[in-house]
Amino acid sequence: MTRSARLLIVGPPGAGKGTQATRIAEQLSIPAISTGDIFRQNIKDQTDLGKRVSQLINAGELVPDELTNEIVADRLGQSDAEHGFLLDGYPRTVEQATALDQHLASREVQLDAVILLEADTEAVISRLLKRAQLEGRADDTEEVIRHRQEVYAQQTEPLIDLYGRRGIVLRIDGMGTVDEVAARIEEALNGKLGER
Ligand code: B4P
(Lines give C-alpha, C1' and ligand atoms only; values in the text may rest on other atoms or scores of the structure.)
Protein backbone atom coordinates (compact mmCIF):
# COMPACT_ATOMS: atom_id res chain seq x y z
CA MET A 1 0.00 0.00 0.00
CA THR A 2 1.74 3.26 -1.08
CA ARG A 3 -0.62 6.22 -0.97
CA SER A 4 -0.45 9.81 0.12
CA ALA A 5 -2.37 10.12 3.36
CA ARG A 6 -2.61 12.68 6.13
CA LEU A 7 -3.53 10.87 9.30
CA LEU A 8 -3.76 11.20 13.06
CA ILE A 9 -3.68 8.43 15.63
CA VAL A 10 -5.42 9.25 18.91
CA GLY A 11 -6.08 7.24 22.04
CA PRO A 12 -5.39 7.10 25.75
CA PRO A 13 -1.80 6.62 26.93
CA GLY A 14 -0.97 2.94 26.51
CA ALA A 15 -3.60 2.26 23.84
CA GLY A 16 -0.80 1.33 21.44
CA LYS A 17 -0.49 4.52 19.39
CA GLY A 18 3.29 4.46 19.05
CA THR A 19 3.30 0.73 18.37
CA GLN A 20 0.73 0.94 15.58
CA ALA A 21 1.95 4.27 14.17
CA THR A 22 5.29 2.79 13.16
CA ARG A 23 3.61 -0.03 11.25
CA ILE A 24 1.05 2.11 9.46
CA ALA A 25 3.66 4.66 8.43
CA GLU A 26 5.84 1.92 7.01
CA GLN A 27 2.94 0.41 5.06
CA LEU A 28 1.98 3.77 3.58
CA SER A 29 5.55 5.09 3.15
CA ILE A 30 4.80 8.23 5.15
CA PRO A 31 6.68 9.54 8.21
CA ALA A 32 5.28 8.77 11.68
CA ILE A 33 5.69 11.90 13.76
CA SER A 34 5.40 11.39 17.50
CA THR A 35 5.51 14.52 19.65
CA GLY A 36 6.28 12.31 22.66
CA ASP A 37 9.32 10.86 20.86
CA ILE A 38 10.50 14.36 19.83
CA PHE A 39 10.29 15.56 23.43
CA ARG A 40 11.98 12.42 24.85
CA GLN A 41 14.84 12.69 22.35
CA ASN A 42 15.36 16.33 23.37
CA ILE A 43 15.35 15.37 27.05
CA LYS A 44 17.92 12.66 26.35
CA ASP A 45 20.12 15.07 24.40
CA GLN A 46 19.72 17.72 27.13
CA THR A 47 18.75 20.41 24.61
CA ASP A 48 17.14 23.68 25.72
CA LEU A 49 13.77 22.28 24.67
CA GLY A 50 14.44 19.08 26.64
CA LYS A 51 15.28 21.09 29.76
CA ARG A 52 12.09 23.14 29.38
CA VAL A 53 9.76 20.14 29.07
CA SER A 54 11.27 17.37 31.20
CA GLN A 55 9.55 18.27 34.48
CA LEU A 56 6.15 18.58 32.82
CA ILE A 57 6.47 15.26 31.00
CA ASN A 58 7.74 13.39 34.04
CA ALA A 59 4.69 14.65 35.96
CA GLY A 60 2.30 13.56 33.19
CA GLU A 61 1.34 17.14 32.32
CA LEU A 62 1.04 18.41 28.77
CA VAL A 63 3.71 20.60 27.23
CA PRO A 64 2.29 24.11 26.51
CA ASP A 65 0.33 24.33 23.25
CA GLU A 66 2.31 27.17 21.73
CA LEU A 67 5.60 25.32 22.04
CA THR A 68 4.16 22.04 20.78
CA ASN A 69 2.43 23.72 17.83
CA GLU A 70 5.65 25.38 16.76
CA ILE A 71 7.57 22.09 16.83
CA VAL A 72 4.92 20.26 14.81
CA ALA A 73 4.55 23.02 12.21
CA ASP A 74 8.30 22.97 11.74
CA ARG A 75 8.35 19.16 11.40
CA LEU A 76 5.43 19.14 8.94
CA GLY A 77 7.31 21.67 6.82
CA GLN A 78 10.08 19.17 6.13
CA SER A 79 10.12 17.60 2.68
CA ASP A 80 9.34 14.01 3.75
CA ALA A 81 5.95 15.16 5.11
CA GLU A 82 4.93 16.99 1.94
CA HIS A 83 2.73 14.20 0.58
CA GLY A 84 1.57 12.66 3.80
CA PHE A 85 2.22 11.96 7.46
CA LEU A 86 0.88 10.17 10.50
CA LEU A 87 0.82 12.34 13.60
CA ASP A 88 1.03 10.29 16.80
CA GLY A 89 0.06 12.06 20.02
CA TYR A 90 -0.74 15.39 18.37
CA PRO A 91 -3.09 17.23 18.59
CA ARG A 92 -3.89 16.63 22.25
CA THR A 93 -5.97 19.75 22.97
CA VAL A 94 -8.62 21.74 21.10
CA GLU A 95 -6.12 24.58 20.75
CA GLN A 96 -3.61 22.25 19.09
CA ALA A 97 -6.33 20.94 16.76
CA THR A 98 -7.12 24.52 15.72
CA ALA A 99 -3.45 25.24 15.07
CA LEU A 100 -3.17 22.08 12.96
CA ASP A 101 -6.27 23.06 10.95
CA GLN A 102 -4.75 26.47 10.25
CA HIS A 103 -1.42 24.94 9.25
CA LEU A 104 -3.04 22.45 6.86
CA ALA A 105 -5.36 25.12 5.41
CA SER A 106 -2.35 27.31 4.65
CA ARG A 107 -0.98 24.39 2.61
CA GLU A 108 -4.43 23.77 1.04
CA VAL A 109 -4.60 20.19 2.31
CA GLN A 110 -6.75 18.42 4.87
CA LEU A 111 -6.78 15.37 7.12
CA ASP A 112 -7.93 12.11 5.53
CA ALA A 113 -8.64 10.13 8.69
CA VAL A 114 -8.27 10.02 12.46
CA ILE A 115 -7.54 6.58 13.86
CA LEU A 116 -9.08 6.38 17.32
CA LEU A 117 -7.61 3.51 19.33
CA GLU A 118 -9.98 2.55 22.12
CA ALA A 119 -8.77 0.53 25.10
CA ASP A 120 -9.88 -0.39 28.58
CA THR A 121 -8.32 1.87 31.27
CA GLU A 122 -7.12 -0.90 33.60
CA ALA A 123 -5.63 -2.84 30.67
CA VAL A 124 -3.66 0.17 29.45
CA ILE A 125 -2.40 0.88 32.95
CA SER A 126 -1.05 -2.65 33.20
CA ARG A 127 0.57 -2.36 29.73
CA LEU A 128 2.35 0.81 30.82
CA LEU A 129 3.47 -0.72 34.12
CA LYS A 130 4.96 -3.56 32.09
CA ARG A 131 6.73 -1.03 29.85
CA ALA A 132 8.03 0.67 33.01
CA GLN A 133 9.86 -2.55 33.92
CA LEU A 134 11.30 -2.88 30.41
CA GLU A 135 12.15 0.72 29.54
CA GLY A 136 12.09 2.65 32.82
CA ARG A 137 10.34 5.73 31.39
CA ALA A 138 10.09 8.40 34.10
CA ASP A 139 6.38 9.02 33.35
CA ASP A 140 5.41 5.35 33.67
CA THR A 141 4.88 5.19 37.45
CA GLU A 142 1.35 4.17 38.45
CA GLU A 143 0.52 7.61 39.89
CA VAL A 144 1.69 9.46 36.78
CA ILE A 145 0.04 6.92 34.44
CA ARG A 146 -3.32 7.49 36.20
CA HIS A 147 -2.84 11.25 35.95
CA ARG A 148 -2.06 10.95 32.21
CA GLN A 149 -5.34 9.05 31.75
CA GLU A 150 -7.21 11.92 33.45
CA VAL A 151 -5.46 14.52 31.32
CA TYR A 152 -6.45 12.52 28.24
CA ALA A 153 -10.11 12.37 29.34
CA GLN A 154 -10.25 16.09 30.07
CA GLN A 155 -8.14 17.62 27.31
CA THR A 156 -7.94 15.17 24.43
CA GLU A 157 -11.27 13.30 24.36
CA PRO A 158 -13.17 16.44 23.24
CA LEU A 159 -11.24 16.18 19.94
CA ILE A 160 -13.08 12.97 19.09
CA ASP A 161 -16.39 14.85 18.74
CA LEU A 162 -14.71 17.62 16.79
CA TYR A 163 -13.29 15.20 14.21
CA GLY A 164 -16.37 12.96 14.45
CA ARG A 165 -18.50 15.82 13.11
CA ARG A 166 -16.25 15.85 10.03
CA GLY A 167 -16.89 12.13 9.47
CA ILE A 168 -13.22 11.15 9.51
CA VAL A 169 -12.92 9.16 12.76
CA LEU A 170 -12.14 5.44 12.46
CA ARG A 171 -12.94 3.77 15.80
CA ILE A 172 -10.62 0.83 16.35
CA ASP A 173 -10.77 -1.70 19.17
CA GLY A 174 -7.25 -1.52 20.66
CA MET A 175 -7.62 -4.68 22.75
CA GLY A 176 -6.05 -7.93 21.56
CA THR A 177 -2.61 -8.62 20.13
CA VAL A 178 -0.58 -6.02 18.25
CA ASP A 179 -1.18 -7.97 15.01
CA GLU A 180 -4.94 -8.16 15.58
CA VAL A 181 -5.17 -4.42 16.18
CA ALA A 182 -2.94 -3.71 13.14
CA ALA A 183 -5.24 -5.82 10.93
CA ARG A 184 -8.30 -3.85 12.12
CA ILE A 185 -6.59 -0.56 11.37
CA GLU A 186 -5.47 -1.70 7.93
CA GLU A 187 -8.98 -2.77 6.99
CA ALA A 188 -10.56 0.47 8.22
CA LEU A 189 -7.94 2.63 6.52
CA ASN A 190 -8.27 0.78 3.23
CA GLY A 191 -12.00 1.50 3.30
CA LYS A 192 -11.56 5.17 4.20
CA LEU A 193 -8.69 5.97 1.83
CA GLY A 194 -10.47 4.05 -0.92
CA GLU A 195 -13.38 6.54 -0.70
CA ARG A 196 -11.20 9.41 -1.92
P1 B4P B 1 3.42 9.98 24.29
O2 B4P B 1 4.77 9.62 23.85
O3 B4P B 1 2.43 10.27 23.22
O4 B4P B 1 3.02 8.83 25.29
P5 B4P B 1 1.79 7.84 25.43
O6 B4P B 1 0.49 8.56 25.34
O7 B4P B 1 2.06 7.06 26.66
O8 B4P B 1 1.84 6.90 24.19
P9 B4P B 1 2.90 5.85 23.72
O10 B4P B 1 2.89 5.99 22.23
O11 B4P B 1 4.21 5.97 24.41
O12 B4P B 1 2.35 4.48 24.19
P13 B4P B 1 1.54 3.40 23.37
O14 B4P B 1 0.13 3.73 23.58
O15 B4P B 1 2.00 3.21 21.97
O16 B4P B 1 3.45 11.25 25.25
C17 B4P B 1 4.28 11.31 26.40
C18 B4P B 1 4.19 12.69 27.07
O19 B4P B 1 4.71 13.70 26.17
C20 B4P B 1 2.78 13.19 27.40
O21 B4P B 1 2.32 12.69 28.63
C22 B4P B 1 3.01 14.73 27.41
O23 B4P B 1 3.62 15.13 28.61
C24 B4P B 1 4.00 14.94 26.27
N25 B4P B 1 3.33 15.23 24.99
C26 B4P B 1 3.34 14.41 23.89
N27 B4P B 1 2.61 14.96 22.90
C28 B4P B 1 2.12 16.14 23.37
C29 B4P B 1 1.27 17.14 22.83
N30 B4P B 1 0.76 17.04 21.59
N31 B4P B 1 0.96 18.22 23.60
C32 B4P B 1 1.46 18.33 24.83
N33 B4P B 1 2.26 17.42 25.43
C34 B4P B 1 2.58 16.31 24.70
O35 B4P B 1 1.99 2.00 23.98
C36 B4P B 1 2.11 1.73 25.33
C37 B4P B 1 2.66 0.33 25.64
O38 B4P B 1 1.70 -0.68 25.33
C39 B4P B 1 3.93 -0.07 24.89
O40 B4P B 1 4.84 -0.57 25.83
C41 B4P B 1 3.51 -1.16 23.93
O42 B4P B 1 4.50 -2.14 23.75
C43 B4P B 1 2.31 -1.75 24.61
N44 B4P B 1 1.32 -2.24 23.66
C45 B4P B 1 0.93 -1.62 22.53
N46 B4P B 1 -0.03 -2.34 21.89
C47 B4P B 1 -0.27 -3.43 22.69
C48 B4P B 1 -1.16 -4.56 22.59
N49 B4P B 1 -2.02 -4.71 21.56
N50 B4P B 1 -1.14 -5.47 23.58
C51 B4P B 1 -0.27 -5.34 24.63
N52 B4P B 1 0.59 -4.31 24.77
C53 B4P B 1 0.60 -3.36 23.81
Side-chain angles (χ1 to χ4, degrees), residues 7-25 32-44 49-76 85-101 103 114-159 163 172-186:
L7 309 171
L8 307 183
I9 186 160
V10 183
K17 298 184 299 288
T19 310
Q20 297 296 337
T22 316
R23 288 184 166 221
I24 302 161
I33 300 171
S34 156
T35 39
D37 283 350
I38 294 173
F39 292 136
R40 277 186 293 278
Q41 189 61 46
N42 276 274
I43 293 172
K44 193 168 159 226
L49 171 66
K51 287 177 195 154
R52 279 177 75 184
V53 302
S54 71
Q55 271 193 337
L56 287 169
I57 291 190
N58 293 347
E61 302 292 347
L62 295 183
V63 172
D65 289 329
E66 207 183 305
L67 184 57
T68 310
N69 290 336
E70 215 176 283
I71 287 163
V72 173
D74 180 64
R75 180 64 188 86
L76 290 179
F85 53 77
L86 170 58
L87 278 169
D88 161 14
Y90 179 93
R92 254 180 163 90
T93 64
V94 172
E95 202 174 318
Q96 291 181 13
T98 306
L100 178 64
D101 279 343
H103 178 87
V114 176
I115 301 159
L116 170 62
L117 268 189
E118 297 182 302
D120 172 73
T121 304
E122 292 309 314
V124 296
I125 289 173
S126 78
R127 281 183 191 178
L128 292 175
L129 289 173
K130 196 166 153 203
R131 178 170 73 185
Q133 290 173 350
L134 299 173
E135 297 177 19
R137 246 172 72 168
D139 60 346
D140 276 347
T141 64
E142 180 155 2
E143 194 191 346
V144 175
I145 291 168
R146 289 195 184 275
H147 181 59
R148 282 158 56 206
Q149 303 291 332
E150 286 165 14
V151 171
Y152 174 80
Q154 285 164 8
Q155 309 228 43
T156 310
E157 263 181 2
L159 301 186
Y163 290 123
I172 306 289
D173 177 4
M175 303 309 296
T177 66
V178 171
D179 284 343
E180 283 165 352
V181 178
R184 287 176 204 138
I185 295 176
E186 188 174 347

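All ligand and atom numbering here is 1-based and tracks the order in the structure. Just so you know, these numbers use all the heavy atoms, side chains as well, and skip hydrogens, waters and symmetry mates.
- Here K44 contributes atom NZ and D37 contributes atom CG; the two are 11.0 Å apart, rounded to the nearest 0.5 Å.
- Between L62 and ligand 1, a contact under 3.5 Å exists for no N or O pair.
- Under a cut-off of 6.0 angstrom, the local environment of CD in Q155 is crowded, with over 12 non-hydrogen atoms contributed by other residues, nucleotides or ligands.
- If you number the atoms of ligand 1 from 1 as listed, the ones under 4.0 Å from a heavy atom of T177 come out as 49 (N).
- Here the side chain of K17 pairs a donor or acceptor atom with the backbone of G11 at under 3.5 angstrom.
- Annotation for ligand 1: atoms under 4.0 Å from non-hydrogen atoms of T68 are 29 (C), 30 (N), 31 (N), 32 (C).
- Protein heavy atom closest to atom 42 (O) of ligand 1, with residue, atom name and distance, is T19 OG1, 4.0 Å.
- Separation of atoms CD (Q149) and OG1 (T121) is listed at 5.5 Å; rounding is to 0.5 Å.
- Atoms of ligand 1 found under 4.0 Å from any heavy atom of Y90 (numbered from 1 in listed order, with element): 30 (N).
- Within a 6.0 Å sphere centred on CD of E180, other residues, nucleotides and ligands contribute more than 12 heavy atoms.
- A heavy-atom distance below 4.5 Å is found between the side chains of L117 and I9.
- Atom 34 (C) of ligand 1 has F39 CE1, 3.7 Å as its closest protein atom, hydrogens excluded (heavy atom only).
- Residue Q55 places its CD atom among 12 or fewer non-hydrogen atoms of other residues, nucleotides or ligands, all under 6.0 Å distant.
- For the pair P64 and L56, the tightest heavy-atom approach, listed with the atom from each and the gap, is CD-CD1, 3.6 Å.
- With a 4.0 Å heavy-atom cut-off, ligand 1 is reached by the side chain of R40 but not by its N, CA, C or O.
- Remark: minimum distance from atom 10 (O) of ligand 1 to any protein heavy atom is reached at G18 N, 3.2 Å.
- Under 4.0 Å from ligand 1, the heavy atoms of A15 that appear belong solely to its backbone.
- Using a 4.0 Å cut-off to heavy atoms of L128, the atoms of ligand 1 that qualify are 36 (C).
- Those atoms of ligand 1 that come under 4.0 Å of a heavy atom in E61, given as number and element, are 22 (C), 23 (O).
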Original post:
Could you go step by step and tell me if D140 and R148 meet the salt bridge (Lys or Arg N to Asp or Glu O under 4.0 Å) rule?
Top reply: CA-CA 9 Å; D140 276 347; R148 282 158 56 206; 2.9 Å; yes
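- Distances between N or O atoms of L56 and those of ligand 1 include no value under 3.5 Å.
- The CG atom of D101 sits 5.5 Å away from atom OH of Y163, with the distance rounded to the nearest 0.5 Å.
- Here the protein heavy atom with the shortest distance to atom 7 (O) of ligand 1 is R148 NH2, 2.5 Å.
- Within the 4.0 Å heavy-atom cutoff, A21 does not count among the residues contacting ligand 1.
- Close contacts between ligand 1 and Q96 involve ligand atoms 29 (C), 30 (N), 31 (N), 32 (C) [criterion: under 4.0 Å to a heavy atom].
- Ion pairing between a basic and an acidic side chain is recognised when a charged N comes within 4.0 Å of a carboxylate O; R23 and D179 show such pairing.
- The shortest contact between atom 20 (C) of ligand 1 and any protein heavy atom is with R92 NH2, 3.9 Å.
- Summary of contacts: the protein heavy atom closest to atom 19 (O) of ligand 1 is I57 CD1, 3.8 Å.
- No part of Y152 comes within 4.0 Å of ligand 1, judged by heavy-atom distances.
- The nearest heavy-atom contact from the protein to atom 44 (N) of ligand 1 is R127 CD, 3.8 Å.
- Distance from atom 40 (O) of ligand 1 to its nearest protein heavy atom, with residue and atom name: R131 CD, 3.2 Å.
- Look at G14 and you'll find a heavy atom under 4.0 Å from some atom of ligand 1.
- When the heavy-atom distances from atom 4 (O) of ligand 1 to Q20, R137, E95, K17 are ranked, the shortest goes to R137.
- By the side chain to side chain contact (heavy atoms under 4.5 Å, CB included) test, L129 is found to be paired with I125, E142, I145, residues two or more places apart in sequence or in another chain being considered.
- If you take CG on L159 and CD on Q96, they are separated by 8.0 Å, rounding to the nearest 0.5 Å.
- For ligand 1, the polar-atom distance check finds an N/O of G16 within less than 3.5 Å of one of the ligand's N/O atoms.
- Heavy-atom neighbours of R40 CZ from other residues, nucleotides or ligands within 6.0 Å: above the threshold of 12.
- Of all atoms in ligand 1, numbered sequentially from 1 with element shown, those under 4.0 Å from a heavy atom of V178 are 46 (N), 47 (C), 48 (C), 49 (N).
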